[in-house]
Amino acid sequence: MTLTHRRSSDALSDNVIQFAESGNEQYGENIWQLDSELPAISAELVAFAADYYSVDADDIADEVNPEDIVCNAGVWDDTQFVSDLWQAMESGDIAMAAGYRTVDGAVVIDRDSVVITKLA
């Protein structure tokens with residue numbers, strides 16, 4: 001399945017980049033395609049988020065792996081969470097990943113480690 005990111009700006013964000021299978025047409029005429037495979041959301045990542053937010057893993061799982069990333073990106077909209085996750089990756093507390101595949105899309109947190117093609 002092709003995953004795309006759309007913006008009205010012709011430049012990609014320096015923050016988390018969210019890609020979707022569909023439903024993001026309203027975000028602009030500039031389109032990028034994710035050409036790299038990303039790992040699925042792991043139990044380790046869900047456990048990290050549960051600890052970070054001081055909640056049960058079952059309560060945070062849908063926020064880490066949102067069913068409709070266009071309507072609700074869950075924890076991926078929390079820039080402090082993403083920053084702290086990256087720091088945990090750099091320190092070896094959690095496995096390093098450029099991003100993650102979600103139910104209907106993907107989140108890229110290290111765009112220098114993936115291939116992204118501008119389509120339009």
Side-chain angles (χ1 to χ4, degrees):
M1 180 64 64
T2 301
L3 299 177
T4 61
H5 173 80
R6 291 176 174 254
R7 292 175 63 93
S8 56
S9 167
D10 65 356
L12 281 173
S13 170
D14 289 330
N15 297 318
V16 171
I17 305 170
Q18 300 167 7
F19 290 84
E21 291 175 359
S22 63
N24 60 357
E25 295 79 12
Q26 70 275 18
Y27 287 102
E29 65 282 352
N30 294 287
I31 307 167
W32 291 265
Q33 175 179 295
L34 179 62
D35 295 319
S36 295
E37 293 292 322
L38 295 174
I41 302 294
S42 65
E44 177 186 40
L45 177 59
V46 172
F48 175 84
D51 184 55
Y52 183 85
Y53 290 106
S54 300
V55 298
D56 186 72
D58 291 338
D59 294 334
I60 197 72
D62 289 341
E63 294 295 312
V64 176
N65 194 5
E67 287 189 28
D68 186 347
I69 198 159
V70 174
C71 290
N72 175 16
V75 300
W76 305 110
D77 278 338
D78 182 347
T79 56
Q80 189 61 57
F81 169 80
V82 174
S83 176
D84 290 349
L85 172 63
W86 186 256
Q87 290 175 17
M89 288 180 186
E90 286 184 326
S91 69
D93 293 337
I94 188 169
M96 182 62 75
Y100 297 94
R101 182 72 163 95
T102 63
V103 173
D104 74 334
V107 292
V108 171
I109 55 179
D110 180 11
R111 73 183 226 192
D112 293 332
S113 296
V114 296
V115 177
I116 299 172
T117 304
K118 188 155 190 327
L119 301 178

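- Using modelled atom types, no side-chain atom of Asp35 and backbone atom of Ile116 make a donor-acceptor pair closer than 3.5 Å.
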Thr102 and Asn65: CA distance, side-chain angles, deciding distance, side-chain hydrogen bond (donor to acceptor under 3.5 Å, both in side chains) verdict:
CA-CA 5 Å; Thr102 63; Asn65 194 5; 4.6 Å; no
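- Under the salt bridge (charged side-chain N to carboxylate O under 4.0 Å, His left out) criterion, Arg111 pairs with Asp14, sequence neighbours left out.
- A centroid separation of 6.0 Å or more is found between the aromatic rings of Tyr53 and Phe48.
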Check the pair Glu21 / Arg101 against salt bridge (Lys or Arg N to Asp or Glu O under 4.0 Å), numbers first and verdict last.
CA-CA 11 Å; Glu21 291 175 359; Arg101 182 72 163 95; 3.0 Å; yes
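- Using a distance-only test at 3.5 Å, with no hydrogens or angles considered, no donor-acceptor pair links the side chain of Asp104 to the main chain of Ala20.
- Between Asp77 and Gln18 the shortest side-chain heavy-atom distance falls below 4.5 Å.
- A continuous path of ILVMFWY side-chain contacts below 4.5 Å connects Val107 to Ile94, so both sit in one hydrophobic cluster.
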Does the side-chain contact (heavy atoms from CB on, under 4.5 Å) test come out yes or no for Thr2 and Gln33, once each step is laid out?
CA-CA 7 Å; Thr2 301; Gln33 175 179 295; 3.4 Å; yes
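- In Glu90, the CD atom is crowded: over 12 heavy atoms of neighbouring residues, nucleotides or ligands sit closer than 6.0 Å.
- Judged purely by distance below 3.5 Å, without hydrogens or angles, the side chains of Glu67 and Asn72 never pair a donor atom with an acceptor atom.
- One distance of note links OG1 of Thr4 with CH2 of Trp32; it measures 11.0 Å at 0.5 Å rounding.
- With values rounded to the nearest 0.5 angstrom, Asp93 atom CG is found 9.0 Å from Glu44 atom CD.
- Checked by atom type and distance alone, the side chain of Asn30 never pairs as donor or acceptor with a backbone atom of Arg6 at under 3.5 Å.
- Identified under the ring pair (Phe, Tyr, Trp, His ring centres under 6.0 Å) test for residues 90-120, with sequence neighbours left out: Trp76-Tyr100.
- Using a distance-only test at 3.5 Å, with no hydrogens or angles considered, a donor-acceptor pair links the side chain of Ser91 to the main chain of Gln87.
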